[in-house]
Amino acid sequence: MTTPSDLRVGSALAAQTNNTSITQVFRYSAATWNTHRIHYDKEYALKEGYPDVLVQSHLHGALLTKYCTDWAGRAARLTDLSLRVRRFAVAGETLSIVGTVRAVRAGDERRALVDLDLVETRGSDGETCVEASATIEVPRSWIGEGILP
Amino acid sequence: MAVDDAVRTALEREVGVEHEELLGEISATLTRRYAAAVGDSDPLYHDAAYAKSLGYANVVAPANFLPGVICWSEGAPYDRLREDGTEADTHLPGVPAKGVRVMGGGEEMHFTRPVVAGTVVSRRTVLLDVTPRDTKQGLMLVARYQDEYVDEGGQELLRSVRTVLLR
């Protein structure tokens, strides 16, 4: 895991693995009142050309959000998250997320901004499901000497 | 039926039209269920006493909770659902109830303030643009919606631009 002391452009954060399940996909649909059949009706999903029901795009987003907030902890704050779904994932797929520091920017006197590139891949074939970027506001004390412009 | 020029025209009529909806009070049960469904056991999302020890009035919702919830009402009658199960009236105004398939394509979110259980939230939505795209499965429309979520005092909680794929 990248710690504040080695936060610099190019630093890789530890990967996080999520074992999705049909139960999780159902519960996420229920909690969000997502009635799209592609997430709970396998016959419909097959008719649409998919091998099984699909992980919701917002659940991908939720897993990426969790990745960022787990890394940020209490002292830092996730301010922005952008994601683009590249490929589907079916319920039961293992999804791995890894982040890389793209930029470290000055914020105000006490804060700095860390921009991350995030990639979520599916375990079955290693293909990218989601590409994302995030900005996390961190204490300026996290940034080592000479990192900020 | 799939999307065609008539669907495109109907959707394009919605470009720039602002819709405002009172989503209601965010309950602690709903945000806890959301966190549980995601698999996030952070006590900030589950334990009110812990959240209060950090200065919040109640448990906090995971950051992408608001855009994650698809429908904030009791739900449409069955005869107002599209073939794919989505709601024809409250979801994607201007899109016909039958034959159009809808998928999420991505989202850009800015988290302005934490959402604490008990907050009364409203949402302003506007369709920014509609872009046609030729695919192997035929015409696909890429629609971008901007959502702004505010509390009862009008303070922004979150704003986002979500991409919806229709075919």
Side-chain angles (χ1 to χ4, degrees), chain A residues 16 18-21 23-41 44-45 47-50 54-70 72-74 77-86 88 95 130-137, chain B residues 29-45 54 60-76 78 81-87 90-91 101-114 136-137 158-165 167:
Chain A
Q16 190 173 81
N18 300 284
N19 298 311
T20 69
S21 67
T23 305
Q24 182 181 34
V25 169
F26 169 77
R27 291 218 303 178
Y28 192 81
S29 276
T32 60
W33 198 260
N34 184 340
T35 54
H36 201 311
R37 293 168 64 191
I38 204 82
H39 305 305
Y40 57 84
D41 182 345
Y44 179 83
K47 196 177 82 174
E48 289 291 302
Y50 299 103
L54 302 186
V55 173
Q56 299 89 344
S57 61
H58 283 107
L59 179 52
H60 287 289
L63 297 175
L64 287 157
T65 298
K66 180 177 184 299
Y67 180 86
C68 292
T69 52
D70 282 355
R74 293 283 172 260
R77 190 177 78 85
L78 174 66
T79 65
D80 296 88
L81 177 66
S82 299
L83 61 118
R84 184 164 293 185
V85 179
R86 295 294 189 192
F88 68 84
L95 298 172
V130 181
E131 293 172 342
S133 61
T135 298
I136 299 176
E137 192 179 64
Chain B
T29 299
L30 187 58
T31 62
R32 286 188 178 112
R33 277 186 180 169
Y34 183 86
V38 173
D40 199 328
S41 58
D42 188 332
L44 183 62
Y45 307 144
L54 297 178
V60 173
N64 83 324
F65 162 76
L66 288 175
V69 175
I70 300 299
C71 175
W72 291 89
S73 72
E74 68 277 17
Y78 287 104
L81 298 180
R82 298 188 182 94
E83 183 187 359
D84 63 13
T86 59
E87 302 195 0
T90 59
H91 189 55
R101 296 179 179 124
V102 180
M103 288 187 72
E107 189 151 31
E108 301 165 26
M109 295 169 278
H110 176 70
F111 309 107
T112 313
R113 287 181 177 77
K136 281 184 276 188
Q137 291 83 29
L158 184 150
R159 64 177 183 274
S160 76
V161 175
R162 60 190 155 97
T163 300
V164 178
L165 311 176
R167 60 185 177 84

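Values below: every heavy atom of this structure, side chains too, minus hydrogens, waters and symmetry copies. Chain identifiers are assigned alphabetically (A, B, ...) following the order of the sequence lines, protein sequences preceding nucleic acid strands; residue numbering begins at 1 within each chain.
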(message) Checking side-chain contact (heavy atoms from CB on, under 4.5 Å) between B/F111 and each of A/T69, A/L81, A/D80, A/T79, which is the one that passes?
(response)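 Of the listed options, the one satisfying the test is A/L81.
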How long is the gap from [atom1] on [X] to [atom2] on [Y], to the nearest 0.5 Å?
{"X": "A/L63", "Y": "B/N64", "atom1": "CG", "atom2": "CG", "value": "9.0 Å"}
{"X": "A/K47", "Y": "B/E83", "atom1": "NZ", "atom2": "CD", "value": "4.5 Å"}
{"X": "A/T135", "Y": "B/H110", "atom1": "OG1", "atom2": "NE2", "value": "9.5 Å"}
{"X": "A/H36", "Y": "B/E87", "atom1": "NE2", "atom2": "CD", "value": "12.5 Å"}

Among [options], residue most engaged with chain A (heavy-atom pairs, under 4.5 Å):
{"options": "B/G106, B/G85, B/P67, B/P62", "answer": "B/G85"}
{"options": "B/V38, B/D84, B/L158, B/D40", "answer": "B/D84"}
{"options": "B/G105, B/A63, B/S160", "answer": "B/G105"}
{"options": "B/R33, B/E107, B/Q137, B/E108", "answer": "B/E107"}
{"options": "B/L165, B/L44, B/L30", "answer": "B/L44"}

(request) Under 4.5 Å, counting heavy-atom pairs only, tell me which of A/K66, A/H60, A/H39 racks up the most with chain B. (result)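 Looking at each option in turn, the highest pair count goes to A/K66.
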(message) I'd like to verify something: which residue of A/L78, A/T20, A/V130 has the highest number of heavy-atom pairs under 4.5 Å with chain B?
(response)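 Counting heavy-atom pairs under 4.5 Å, the top option is A/L78.
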(request) Taking the side chain as every heavy atom from C-beta outward, state whether B/I70 and A/H58 have any pair of such atoms under 4.5 Å apart. (result)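 The answer is yes; the side chains approach within 4.5 Å.
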(request) Compare all side-chain heavy atoms of A/I38 with those of B/M103 and state whether any distance is below 4.5 angstrom. (result)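 Heavy-atom side-chain distance check fails, nothing below 4.5 Å.
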(request) Determine the minimum heavy-atom distance between B/C71 and A/W33, stating which atoms define it. (result)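 Scanning both residues completely, I find the closest heavy atoms to be CB-CD1, 3.2 Å.
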(request) Of all the heavy-atom pairs spanning B/G104 and A/S57, show the shortest one and how long it is. (result)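 Distance-wise, the nearest heavy atoms are CA-OG, 3.7 Å.
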(message) So for atom OH, which belongs to A/Y44, do other residues, nucleotides or ligands contribute more than 12 heavy atoms lying within a distance under 6.0 Å?
(response)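 Yes, enclosed.
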(request) Please check if atom CZ in A/R77 has more than 12 non-hydrogen atoms from other residues, nucleotides or ligands closer than 6.0 Å. (result)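 Counting neighbours around CZ of A/R77, more than 12 heavy atoms of other residues, nucleotides or ligands fall under 6.0 Å, so yes.
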Which atoms of [X] are under 4.5 Å from chain B, going by heavy atoms: the side chain, the backbone, both sets, or neither?
{"X": "A/T35", "answer": "both"}
{"X": "A/L64", "answer": "neither"}
{"X": "A/R86", "answer": "neither"}
{"X": "A/Y28", "answer": "both"}

(message) Is B/A35 close to chain A through its backbone or its side chain, or both, or neither, when contacts mean heavy atoms under 4.5 Å?
(response)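 Looking at B/A35, nothing touches chain A.
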